[in-house]
Structure formats: C-alpha cells, structure tokens
> 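First the structure, which I've put down as structure tokens, then a few questions once you've had a look.
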Amino acid sequence: MSLPHAILTALLEKPSSGLELARRFDKSIGYFWSATHQQIYRELGRLEKAGLIRALPAAAPARGQKKEYEVLPGGRAALSAWVAEAGDPRPVRDPLLLRMRAAAVVGTAGLAEEIQRHLDLHRRQLAEYRAIEERDFPPERDSAEDRLRHAVLRGGIGLETFWTEWLTEALTAVGEQAGEQGNRRA
C-alpha cells in the first residue's frame, strides 16, 4: 500500500509528470521503495480518480503533451494520516540467507562466489550513498526537511555498512566450512 504514499510524497516535493516521477524514483525514493514506470503511471491514474491528485492545466493545449500532477488537499490529508499510522517492521526475506542455511547441510559449492557478488553489489551501493551524502547534504545545508531526508540516507548507509561487514564475515565462514568438509572427505 506504500506506492501511492511514495508518489504523494514525491509530488508534494515537486509537481511532476509521470516520466519525471519515474526518473526521480530511479534516483531517490527508488533506493528504498522501487516501482516500475508502468506501476507509477497506473497509480497516478488511481490517485487522480480518487481525487487525491490532479493534472495541472496545460499552458497551451498540445497533442501528446505530458501531464504534470499536483497533490490536492485530500491527498495531503491521506499522506499525513498514513505517516501517523502504526506499522510493524517487516521480517527479512532474502534468498541468500536461505542459501547459506541450506549450504550448512548440503555443502558450500558455489556459495562463496554468490556471497562475493552480493558483497560487491553492496559495496557499490554504499559508495553511491556516500557520494549522494557528500553532494546533497553539505554541513551548511541544515533544514528540518533536509535532516529527515538525510536520516533516511543515513539509514541506507547503515544498512549497506552492515551488509558489507556481515558478507565479509560470511565469506570467512564459508571458507572455514569448505575447509572442514574437505578435511572430512580426506
């Protein structure tokens, strides 16, 4: 149910067309709540039909002109109500964790390579988050909105830091288990 709230948030930050929203998702909200361009366009239609957003009037009518949307008061109220709702944390469902658990009983063949691939991906994401932090949150920029956005980014940095540290430990554990399995066979 969070995609409509992500779209309302993005539109409150800046009225946008569907294409602009999709691009902004790719560069910000998409780091923690992904959506395809199709999903975004479908949700824009639902939000407009529900009276939560509207297409801004075009300056001059033109065929094929992209619609730009803004949030209506009902959309702002819906988003505010959602922000105040209680919500439980979601359990982690990661196939890599299940693969590692299975490897404990069937062997680790191929697992180190997969863990290394995940480690490389998380290292790249961590570097990207740190670059965003340096670019978008210099010390002289300090508003309440920036502090909350920065807190979200810091959460991403913390998660990626955790994953890189944990995957490094997991590689060591896989190597140790592979060594023990090799010793048992000998």
Side-chain angles (χ1 to χ4, degrees), residues 1-97 118 121-122 124-163:
M1 197 57 184
S2 293
L3 179 57
H5 302 108
I7 290 173
L8 288 170
T9 299
L11 289 175
L12 280 168
E13 290 173 342
K14 179 179 184 261
S16 303
S17 69
L19 180 60
E20 291 166 337
L21 267 178
R23 288 180 180 153
R24 288 176 51 212
F25 259 71
D26 290 344
K27 294 179 183 174
S28 62
I29 291 175
Y31 286 121
F32 55 89
W33 195 268
S34 62
T36 66
H37 292 210
Q38 233 180 3
Q39 290 171 316
I40 290 170
Y41 281 103
R42 210 173 20 249
E43 199 56 51
L44 284 169
R46 287 185 190 127
L47 290 168
E48 188 173 28
K49 189 174 181 180
L52 301 179
I53 65 170
R54 72 173 180 141
L56 292 169
R63 187 176 168 94
Q65 186 173 8
K66 59 185 177 184
K67 288 184 186 177
E68 193 168 274
Y69 295 91
E70 73 175 354
V71 177
L72 294 171
R76 180 180 282 277
L79 186 60
S80 293
W82 179 76
V83 166
E85 284 178 12
D88 293 332
R90 291 181 146 186
V92 174
R93 286 184 62 182
D94 190 316
L96 181 61
L97 299 174
H118 280 250
L121 290 170
H122 284 285
R124 281 196 295 274
Q125 190 64 60
L126 179 57
E128 188 171 337
Y129 284 166
R130 286 184 172 150
I132 291 169
E133 181 178 41
E134 189 174 312
R135 180 192 71 218
D136 293 350
F137 298 100
E140 64 275 5
R141 237 180 85 180
D142 189 33
S143 68
E145 277 183 358
D146 280 346
R147 282 192 292 274
L148 286 174
R149 288 182 185 129
H150 193 194
V152 171
L153 179 61
R154 295 290 309 152
I157 289 170
L159 286 170
E160 294 303 329
T161 300
F162 161 78
W163 281 111

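The analysis underlying the following values was restricted to heavy atoms, covering all of them including side chains, and did not include hydrogens, waters or symmetry mates.
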> Minimum heavy-atom separation for L3 and A35, please, with both atom names.
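Taking L3 first and A35 second, the nearest heavy atoms are CD1-CB, 3.6 Å.
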> Could you measure the distance from the CD1 atom of I132 to the NE2 atom of H150? Nearest 0.5 Å is fine.
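So the gap between those two atoms works out to 11.0 Å.
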> Under the 3.5 angstrom rule, does the side chain of R46 hit a backbone N or O of P4 as a donor-acceptor pair?
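Here the side-chain-to-backbone pair does not exist.
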> Of all heavy-atom pairs between A6 and I29, which one has the smallest distance, and what is that distance?
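Distance-wise, the nearest heavy atoms are O-CD1, 3.6 Å.
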> Dump the intermediate steps for side-chain contact (heavy atoms from CB on, under 4.5 Å) on E68 and E20, then the final yes or no.
CA-CA 9 Å; E68 193 168 274; E20 291 166 337; 3.7 Å; yes
> How close do D146 and F137 get, heavy atom to heavy atom, and via which atoms?
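Minimum heavy-atom separation between D146 and F137: O-CE2, 3.5 Å.
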> If I compare all heavy atoms of V71 with all of I53, which pair ends up nearest, and what's the gap?
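Answer, listing the atom of V71 first, then I53: CA-CG2, 4.1 Å.
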> More than 12 non-hydrogen atoms from neighbouring residues, nucleotides or ligands closer than 6.0 Å to CZ on R147, yes or no?
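Yes, because the 6.0 Å sphere around CZ of R147 holds more than 12 heavy atoms from other groups.
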> Hey, mind stepping through L52 and L72 against side-chain contact (heavy atoms from CB on, under 4.5 Å) and telling me if it holds?
CA-CA 5 Å; L52 301 179; L72 294 171; 6.0 Å; no
> Is it the case that atom CZ in R42 sees more than 12 heavy atoms from other parts of the structure closer than 6.0 Å?
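Atom CZ in R42 is packed in, count exceeds 12.
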> Quick check for you: to the nearest 0.5 Å, what is the distance between S16 atom OG and K66 atom NZ?
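These two atoms lie 9.5 Å from each other.
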> Calculate, to the nearest 0.5 Å, the distance between atoms CZ and CG belonging to F32 and L159 respectively.
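Between atom CZ of F32 and atom CG of L159 there are 12.0 Å.
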> Fit a plane to each ring of Y31 and Y129, take the angle between them on a 0 to 90° scale, and name the class: parallel (under 30°), tilted (30 to 60°) or perpendicular (over 60°).
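Y31 and Y129: perpendicular rings.
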> Is it the case that more than 12 heavy atoms not belonging to R135 sit under 6.0 Å from its CZ atom?
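Atom CZ in R135 is crowded, with more than 12 foreign heavy atoms closer than 6.0 Å.
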> Check whether any side-chain heavy atom of W33 lies under 4.5 Å from a side-chain heavy atom of T9, and answer yes or no.
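Contact flag for W33/T9 side chains = no.
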> Go through L121 and Q125 one step at a time and tell me if the side-chain contact (heavy atoms from CB on, under 4.5 Å) criterion holds.
CA-CA 6 Å; L121 290 170; Q125 190 64 60; over 6 Å; no
> Roughly how far, to the nearest 0.5 Å, is NE2 of H5 from CG of L8?
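Answer for the CG-NE2 pair, L8 versus H5, is 6.5 Å.
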> Would you say that L44 contacts L11 through its side chain, given a criterion of any heavy-atom pair below 4.5 Å between the two side chains?
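When only atoms from C-beta onward are counted, L11 and L44 do touch, with a gap below 4.5 Å.
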> Between CD of E43 and CD1 of I40, what distance do you get to the nearest 0.5 Å?
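Spacing of CD (E43) from CD1 (I40) equals 10.0 Å.
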> Say you draw a straight line from NE2 of H37 to CG of L21; how long is it, rounded to the nearest 0.5 Å?
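These two atoms lie 10.0 Å from each other.
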> Taking the side chain from Y41 and the backbone from T36, do they hold a donor-acceptor pair closer than 3.5 Å?
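A pair under 3.5 Å: no.
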